[in-house]
Amino acid sequence: MPAVSKGDGMRGLAVFISDIRNCKSKEAEIKRINKELANIRSKFKGDKALDGYSKKKYVCKLLFIFLLGHDIDFGHMEAVNLLSSNKYTEKQIGYLFISVLVNSNSELIRLINNAIKNDLSSRNPTFMCLALHCIANVGSREMAEAFASEIPRILVAGDTMDSVKQSAALCLLRLYKTSPDLVLMGEWTSRVVHLLNDQHMGVVTAAISLITCLSQKNPDEFKTCVSLAVSRLSRIVSSASTDLQDYTYYFVPAPWLSCKLLRLLQCYPPPEDGAVKGRLVECLETILNKAQEPPKSKKVQHSNAKNAILFEAISLIIHYDSEPNLLVRACNQLGQFLQHRETNLRYLALESMCTLASSEFSHEAVKTHIETVINALKTERDVSVRQRAADLLYAMCDRSNAKQIVAEMLSYLETADYSIREEMVLKVAILAEKYAVDYSWYVDTILNLIRIAGDYVSEEVWYRVIQIVINRDDVQGYAAKTVFEALQAPACHENMVKVGGYILGEFGNLIAGDPRSSPLVQFNLLHSKFHLCSVPTRALLLSAYIKFINLFPETKATIQEVLRCDSQIRNSDVELQQRAVEYLKLSSIASTDVLATVLEEMPPFPERESSILAKLKKKKGPGAVSVTELEDSKRESSELNGAGERGPDPSVMAASNASTPSPSADLLGIRSAAPVSTAPASAGSLLVDVFSEAGPAASSGAVNDDGFLRFVCKNNGVLFENQLLQIGIKSEYRQNLGRMYLFYGNKTSVQFASFTTTVSCPGELQTHILGIVEPLVEGGAQIQQVLNIECLTDFSDAPLLNIKFRYGGALQNLTLKLPVTINKFFQLTEMASQDFFQRWKQLSQPQQEAQKIFKANHSMDTEVIKAKLLGLGMALLDNVDPNPENYVCAGVIQTKSQQVGCLLRLEPNAQAQMYRLTLRCSKDSVSKRLCELLAQQF
Amino acid sequence: MFIFLLSFPPGKTRLAKWYMQFDDDEKQKLIEEVHAVVTVRDAKHTNFVEFRNFKIIYRRYAGLYFCICVDVTDNNLAYLEAIHNFVEVLNEYFHNVCELDLVFNFYKVYTVVDEMFLAGEIRETSQTKVLKQLLMLQSLE
């Protein structure tokens, strides 16, 4: 085969490149380039028209200069001229220049597009490919506008050459990625799918990328690709290593195409057609079998190509998550790779196993490799492999191995790379909390974490330990003892001082009986750290001190003395000074009773999702931990140790009402309400008060949504009642339509005059009042009104009912939220366990899921919960969740414009009196709205 | 695949293909960062390294690094072998390819890339087919 000689064809270019390479300094290079630029400029401006060859040569030189990193501000026109040359080499340089130096100059774009158009219609395959490559490389909106409708035609035309088809398919893909709105599906779509059957493997290889991308966005329109892909895959997998000739790579038949086919199948659930599915399972088994066969070549290319297919097949098996046999085989195969001498394979096996760990079928099988993975964490030389090992340990962690895994991760943390420490800290904190059976272990773990990697312990982590200690009185004494011991260390991390200060301030009394930790010893210990700490920590310590005065009156004199000294009371920091002054005053003026009230122990924090988890999710990006989370919820369904999301929040707990925005987290809740104390009176009860106190006076137009939430799970009842008026509703729903009967009862003996009602609706609902109510409602009478409702699309705002009438001369104005909620338009969907989890997995994008952890407000009795779920309108599915305590439901919301599939999972934890509610819907806004509505029902 | 890079230490980029929109400053930054990430790695390390939101799949041939930036979920080994397949084509096309071939024929290297990768996807994998096409183009005026 003739080799290409150096710079053949363009001697001038080769000379110029040599000159540049011979330049001894940057200055010399710039000088040479400037000389060349001047030369080219003069040639382009000269009177003599340049021939094609010269133009090509100079444009190519300009390109070279640009690629060296210099700006080029001319030559575009000459490059565009080259596009219309009839010579391939000239055209090629022209297109290359355009592709590399895209210029949005509109005048040029028009000319370029014109040239492309000519080449596309030239019927010369070489020119067509050049033009298509240019579009694919530039991918601009202007080009999409000009060619998005032309390219599908070229792609499916019967007489198009194979190489042009390849380019056209990928060109279209690029345009679809940059301007999806301009690439319209049409009759060409089905013909594109059939390219999977094309004789030419290169065409299939290119087309399948396009089909995969389109399938992800329009799965229904492309679903016929599944059976075609399976049969193509089957033919490749069963072919001998030499059958495919050109497409065999180191004895592996068509490795890239196989990978792409397996990837395409991952856009879809397992094939429904039994024959297709059987054929596919056979392929997957063959691929797994081949992995066990002796290699046909010792070359790494052979094993890489073979394993590329294997890993893709395993991804598909995990995606289906429905073939226990294949899942376990996949796991065993990966287990072998964990000890392979190739680092790449160990890395990929760890990565792939991470997703396997989340399948209920293979979780146990993955766990058997724990020792190997721990060993990898300790001995791998490449940090990215260690990172994968840490990820896998996190993914395989459950109650049975949590202690071991947490211990290993902690010991690894001592030597871990700086780049992954923070993430490791978060993971340890999450696992410790999630699988804590006894909370002393949890406290030990977190304190160890602070000791080992204090700098990487973010606020969320130490807030969290405090929340948990405060919320669980069985661990408070132990926590006090442990922090006290930890603080004995000569050098301890500031985060330790924070936790110590907070906990001793709250629970120091629990260990004060021991003379070794008497109040004064505790105080002196804390105060010995004071001077080494930053302002926020000092502020926290001052608050701990005032708490000490309450807990231990005998420390009062000592502490007052500390507060009184100049370094406190005249501290240049406003926050510290203010605290010192106020605490000193408080301790000297207030009586013991007042002190005891003001400095009372912190009330429990409201239980919410762990903020650490939120932080880890943020750190890893969406989706990165979601798989594990789902699976955790599957296996550890009753795990609800949640505590407050924000931790000791400065805004809730600010020690003083000073306007200084204090950065310090603090102990005291002096002026503000306790985090979970009385809820503010609802607007509804206020309205009632107006009526009862002031009698029939003109009432405000505030919206009353008092009754609203009571109707989420039921359709009939009294919506509103005050001294004058009672409003009852009865409602029924079918598909996306509803009808509501409203009953207005006059409770007085006097008539209501000018009685009018109006309904205002958010745009997504349409309501229509049938019949107008009589303007007079006699004393004691009840009138009825009917409302037709149509749901156009999903919604979250409820319609508002406004009622106006005169009672004894005073105008009454009342606005009620009508209990029309999105769940009213549910249709039941029955399904088996396997289908449920299949669908659950399909709705795995993070935004499709909404989750809330909340305290039970009502009885946790099974029958009550069931009745509510049935009232909700979804089908309550039995024998779906592996944990019989949990409830899962499925339903489809019918709106005029679309149907929204919804899956629900409710996990009660009777012991903690908590629930975890998870919703996954095909539409994000619906998940969110349902979650909000339902979280207040149980 | 988002980016295809071919570079030497000390950071001279021989070829860069961008399959996503980046502005010029961003491109320069990416080139430098990818280079920095890849060149400090040991030969015994994996050929995959996470970088920003994607993964770099790279392979070193003599002093030359071939790097591809892909999505974290993409098939690592398939892209690693795609690099090797590409290198074998270069080797055949330039008869024992060396750095100088790539410098003096930079505009031809772009053609080879486009034959094998387009729009960030693998276009053609058969070495025979690619070389046949390249030689056909070579024969054109």
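Computed from a predicted structure; not experimentally measured.
Atom CG of residue Leu140(B) and atom OG1 of residue Thr126(A) lie 5.5 Å apart, to the nearest 0.5 angstrom. The NZ atom of Lys129(B) sits 11.0 Å away from atom OG of Ser163(A), with the distance rounded to the nearest 0.5 Å. To the nearest 0.5 Å, atom CG of residue Asn344(A) and atom NE2 of residue His45(B) are 11.5 Å apart. Here the CH2 atom belonging to Trp256(A) is positioned 11.0 Å from the CG atom belonging to Asn75(B), to the nearest 0.5 angstrom. Atom-to-atom distance recorded for Glu124(B):CD and Leu170(A):CG is 10.5 Å, nearest 0.5 angstrom. How far CZ of Arg388(A) is from CD of Glu50(B): 4.0 Å, rounded to the nearest 0.5 Å.
For the pair Val385(A) and Thr46(B), the tightest heavy-atom approach, listed with the atom from each and the gap, is CG2-CG2, 3.7 Å. Contact between Ala78(B) and Ala308(A) at its shortest, heavy atoms only, is N-CB, 3.6 Å. What you find for Glu81(B) and Val300(A) is that their closest heavy atoms are OE2-O, 4.5 Å. The two atoms that bring Ala119(B) and Lys177(A) nearest to each other are O-NZ, 4.4 Å, heavy atoms only. Annotation for Asp382(A) and Arg41(B): closest pair OD2-NH2, 2.6 Å, computed over non-hydrogen atoms. Heavy atoms only, all atoms of each residue included: Gln92(A) and Tyr107(B) are closest at NE2-O, 3.1 Å.
For chain B, the nearby part of Cys259(A) is the side chain; its heavy atoms alone come within less than 4.5 Å. For Ala82(B), the parts lying under 4.5 angstrom from a heavy atom of chain A are both the backbone and the side chain. Residue contact with chain A, scored on non-hydrogen atoms closer than 4.5 Å, involves the backbone and the side chain of Asn85(B) alike. Proximity to chain A (any heavy atom under 4.5 Å) is restricted, for Asp42(B), to the side chain, taken from C-beta onward. Using a 4.5 Å cut-off between heavy atoms, Leu80(B) contacts chain A through its side chain alone, with no backbone atom that close. The contact between Glu88(B) and chain A is made entirely by side chain atoms (from C-beta outward), counting heavy-atom distances below 4.5 Å. Using a 4.5 Å cut-off between heavy atoms, Asp74(B) touches chain A through backbone and side chain atoms alike. No part of Lys27(B) comes within reach of chain A, as not one of its non-hydrogen atoms sits under 4.5 angstrom from that chain. Phe48(B) touches chain A through backbone and side chain together, each having a heavy atom under 4.5 Å away.
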**Message:** Quick one, Leu77(B) with Leu345(A), criterion side-chain contact (heavy atoms from CB on, under 4.5 Å). Give me CA distance, side-chain angles, the key distance, then yes/no.
**Reply:** CA-CA 9 Å; Leu77(B) 288 175; Leu345(A) 285 181; 4.2 Å; yes
**Request:** Show the numbers, then the answer: is there a side-chain contact (heavy atoms from CB on, under 4.5 Å) between Phe104(B) and Arg21(A)?
**Result:** CA-CA 10 Å; Phe104(B) 282 94; Arg21(A) 288 181 58 82; 4.2 Å; yes
**Item:** Worked verdict on Glu121(B) versus Lys260(A) for side-chain contact (heavy atoms from CB on, under 4.5 Å)
**Value:** CA-CA 10 Å; Glu121(B) 297 288 338; Lys260(A) 283 187 177 195; 4.2 Å; yes
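Remark: Ala168(A) pairs with Leu132(A), Ile151(A), Ile154(A), Leu155(A) by the side chain to side chain contact (heavy atoms under 4.5 Å, CB included) rule, at least two apart or across chains. Not a single side-chain hydrogen bond (donor to acceptor under 3.5 Å, both in side chains) links Arg174(A) to another residue, sequence neighbours left out.
Phe64(A) and Phe106(B) have tilted rings, their planes meeting at an angle from 30° to 60° on a 0 to 90° scale.
Side-chain atoms of Lys17(B) and Asn137(A) include a donor-acceptor pair closer than 3.5 Å. No side-chain N or O of Gln138(B) forms a donor-acceptor pair with one of Tyr88(A) less than 3.5 Å apart.
Of the listed residues Tyr95(A), Tyr250(A), Tyr247(A), the one with more heavy-atom pairs under 4.5 angstrom with chain B than any other is Tyr247(A).
Contact annotation: the side chain of Asn76(B) approaches that of Glu351(A) to within less than 4.5 Å [non-hydrogen atoms, C-beta and beyond]. The shortest side-chain heavy-atom distance between Arg263(A) and Thr73(B) falls under the 4.5 Å cut-off.
With Thr343(A) contributing its side chain and Lys44(B) its backbone, the two residues share a donor-acceptor pair below 3.5 Å.
By the neighbour-count criterion of 12 heavy atoms within 6.0 Å, atom CG of Asp23(B) is densely surrounded, having more than that number from other residues, nucleotides or ligands.
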